[in-house]
Amino acid sequence: MSLHDLQALERDHVLPTYARFPVEFVRGEGCLLWDDEGREYLDFLAGISVVSVGHCHPAVVGAITEQAARLMHVTNLFYTAPAMRLAQRLSRSSLGGRVYFSNSGAEANEAAIKLARKRRRGGEIVVVEQAFHGRTYGALSATPQEAKQVPFAPLVPGFRVVPKDAEALDAAVGEGTAAVLLEPVQGETGINPLSDELLRAARAACDRTGAALIFDEIQSGMGRTGTLWAYEQTGVVPDALTAAKALGGGMPIGALVTGPALADVLEPGDHGSTFAGGPVAAAAALAALDVIDRPELLAHVFRAGARLEEGLREMPGVRRVRGRGLMLAADLPDAPALVRRALLEQRLVLNATGPGTVRFLPPLVVTSDQVDDALGRLYALLG
Ligand code: PLP
């Protein structure tokens with residue numbers, strides 16, 4: 001079936017919620033992708049920070065294959081070893097409490113919002129400008145972006161948006177606040193790290209009022225910034241975090257991880273999902289964690305990120321570069337057109353987060369040569 005046929009099928013049968021590029025990918029390995037005509041692409045998007053271990057990492061493929069042949073699904077009415085082992089691993093590698101599994105990032109945030117509301121009934125959820133927490137109703141209500149929210153009103157009540165300002169945040173949090181929900185590095189709106197000052201103010205406000213501080217690490221977690229979790233670089237420890245995207249090494253799985261103080265809020269019957277924490281996705285996540293949660297790999301993320309950042313700073317036309325580790329963005333004029341040309345002319349996969357920002361989220365296993373290669377392809381368009 002040709003790309004043209006696929007486009008016809010989409011036109012006739014698929015709800016048009018995505019603006020796709022005219023490329024069909026059929027194979028991936030490490031940082032490389034191949035289209036239906038056998039052309040090779042360098043992937044600096046990693047499925048939007050999902051395939052951090054690289055495409056089809058043999059350890060992840062092996063774990064999926066082995067688990068799929070043994071047992072694919074039984075529901076959460078029964079035990080399976082991968083889910084219990086993954087919960088232990090996530091808890092030990094972060095906040096030390098308990099884990100609720102989901103199938104996606106938005107669902108992990110739904111669980112976090114429900115937990116916070118159950119703990120402080122009727123309490124507000126405080127979020128900051130430019131946040132993105134997902135597109136289901138609770139997560140969307142925490143995503144203060146007019147274009148995403150307005151067509152779908154009414155939203156879930158009880159969300160308050162504050163500027164990214166320590167004083168404003170402190171003033172907004174009170175006894176009626178259930179949670180402050182923050183991305184330590186805002187991803188979808190252009191890779192904007194929140195300042196340590198703001199994160200400290202959030203921590204202090206939550207300590208003062210008993211509200212829960214929840215970090216959305218769906219994009220920034222799993223080694224993306226050079227530590228397993230971005231919060232480790234901020235000096236601020238949240239009461240809970242949410243993860244997804246890279247967690248499953250390419251399989252759909254998310255998680256709400258609590259610290260000890262929030263570990264007993266949810267009880268049987270409070271929340272659930274048929275597929276969540278299924279054995280295949282959990283086995284894949286354990287394998288992905290084996291790849292990522294190693295000092296050498298995390299140190300590599302810092303080094304490769306610094307190399308990419310430096311190269312971007314020297315690129316003609318780049319106004320500003322920001323981010324952490326391999327979660328980077330460059331401000332450039334007409335970013336969507338540049339991303340399209342990068343894909344179609346240079347076979348470099350990138351993403352624009354808006355009219356003036358290109359986002360770089362390569363697999364964490366990207367080599368120095370591949371970083372230089374990507375910079376070279378970009379230079380060919382900008383130089
Ligand atoms: N939170 C953050 C920070 C994200 O970057 C995303 C996705 O981009 C989400 C939540 C939503 O995740 P999902 O698309 O898996 O629902």
Side-chain angles (χ1 to χ4, degrees), residues 2-4 6-7 18-56 185 187-192 219 224-226 246 300-383:
S2 69
L3 175 63
H4 186 260
L6 298 181
Q7 287 171 319
Y18 304 106
R20 291 178 221 272
F21 293 100
V23 174
E24 182 202 357
F25 285 122
V26 296
R27 192 162 75 83
E29 189 182 321
C31 297
L32 301 177
L33 284 164
W34 287 269
D35 70 13
D36 56 323
E37 307 218 345
R39 288 176 296 227
E40 186 183 288
Y41 295 69
L42 185 56
D43 185 5
F44 265 50
L45 185 56
I48 316 190
S49 197
V50 166
V51 199
S52 289
V53 295
H55 291 281
C56 300
V185 183
E188 292 306 294
T189 53
I191 314 291
N192 294 297
Q219 193 162 149
R224 176 55 57 189
T225 67
H300 167 76
V301 172
F302 274 120
R303 278 196 306 273
R307 193 179 185 103
L308 180 57
E309 191 172 342
E310 197 184 310
L312 289 173
R313 280 188 204 292
E314 289 163 6
M315 194 67 62
V318 168
R319 287 192 292 260
R320 201 178 145 219
V321 182
R322 59 185 172 274
R324 302 238 196 287
L326 282 169
M327 186 174 182
L328 295 170
D331 287 343
L332 280 156
D334 210 356
L338 180 72
V339 163
R340 193 178 175 86
R341 287 185 62 209
L343 177 73
L344 301 178
E345 294 173 27
Q346 291 296 319
R347 314 230 180 282
L348 172 65
V349 182
L350 298 172
N351 170 252
T353 58
T357 303
V358 177
R359 170 167 57 167
F360 299 80
L361 298 166
L364 305 184
V365 295
V366 67
T367 64
S368 306
D369 285 351
Q370 285 170 326
V371 169
D372 294 346
D373 185 357
L375 289 167
R377 294 183 199 210
L378 205 53
Y379 191 85
L381 297 171
L382 293 169

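For reference, positions follow the sequence shown, starting with 1. Given the structure is predicted, the values throughout are model-derived calculations rather than measurements. Heavy-atom basis, side chains included; hydrogens, waters and symmetry copies ignored.
Contact annotation: the side chain of N351 never approaches that of V358 to less than 4.5 Å [non-hydrogen atoms, C-beta and beyond]. At least one side-chain heavy atom of L375 sits under 4.5 Å from a side-chain heavy atom of L308. Side chains of V51 and P363 form no contact here, defined as non-hydrogen atoms less than 4.5 Å apart. When side chains are defined from C-beta on, I191 does not count as touching L328, because their heavy atoms never get closer than 4.5 Å. L338 has its side chain within reach of L378: a pair of non-hydrogen atoms, C-beta onward, lies under 4.5 Å apart. Using a 4.5 Å cut-off on side-chain heavy atoms (C-beta onward), R347 and L42 make no contact. Side-chain contact check for Q370 versus P362: every heavy-atom pair is 4.5 Å or farther apart. You'll find the side chain of F360 stays beyond 4.5 Å of the side chain of L326, heavy atoms only.
Remark: L45 CG to L361 CG distance equals 6.0 Å, nearest 0.5 Å. One distance of note links CZ of R303 with OG of S368; it measures 7.5 Å at 0.5 Å rounding. Here CZ of R324 is found 9.5 Å from CD of E309. Values are rounded to the nearest 0.5 Å. Taking CG from D334 and CZ from R341, the interatomic distance works out to 10.0 Å, rounded to the nearest 0.5 Å. We find the CG-CZ distance between N192 and R322 to be 5.0 Å, quoted to the nearest 0.5 Å. Taken to the nearest 0.5 Å, the SG atom of C31 stands 9.0 Å off from the CG atom of L364.
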>> Does V23 form a side chain to side chain contact (heavy atoms under 4.5 Å, CB included) with L344? I'd like the steps, not just the answer.
In response: CA-CA 8 Å; V23 174; L344 301 178; 3.9 Å; yes

>> Show, in sequence, the C-alpha distance, side-chain angles and deciding distance for V339 and F21, and conclude whether the side chain to side chain contact (heavy atoms under 4.5 Å, CB included) test is met.
In response: CA-CA 10 Å; V339 163; F21 293 100; 4.0 Å; yes

> Could you go step by step and tell me if L382 and L332 meet the side chain to side chain contact (heavy atoms under 4.5 Å, CB included) rule?
Replying inline: CA-CA 10 Å; L382 293 169; L332 280 156; 3.8 Å; yes

>> Using side chain to side chain contact (heavy atoms under 4.5 Å, CB included), reason through M327 and S49 one step at a time and then give a plain yes or no.
In response: CA-CA 8 Å; M327 186 174 182; S49 197; over 6 Å; no

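Applying the 6.0 Å contact sphere to CD of E29 captures no more than 12 heavy atoms from other residues, nucleotides or ligands. Open room surrounds OH on Y379; 12 or fewer heavy atoms of other groups in view lie less than 6.0 Å from it.
Screening residues 40-52 for salt bridge (Lys or Arg N to Asp or Glu O under 4.0 Å) gives no qualifying pairs among residues at least two apart or on separate chains.
Side-chain N or O atoms of H300 include none that pairs as donor or acceptor with a backbone N or O of T367 at under 3.5 Å.
Considering every non-hydrogen atom in both F44 and V371, the closest pair reads CZ-CA, 3.8 Å. Of all the heavy atoms in L33 and G28, the pair that sits closest is CD2-CA, 4.0 Å.
Classification of R359 and E188 as a salt-bridged pair holds, one side-chain N sitting under 4.0 Å from a carboxylate O.
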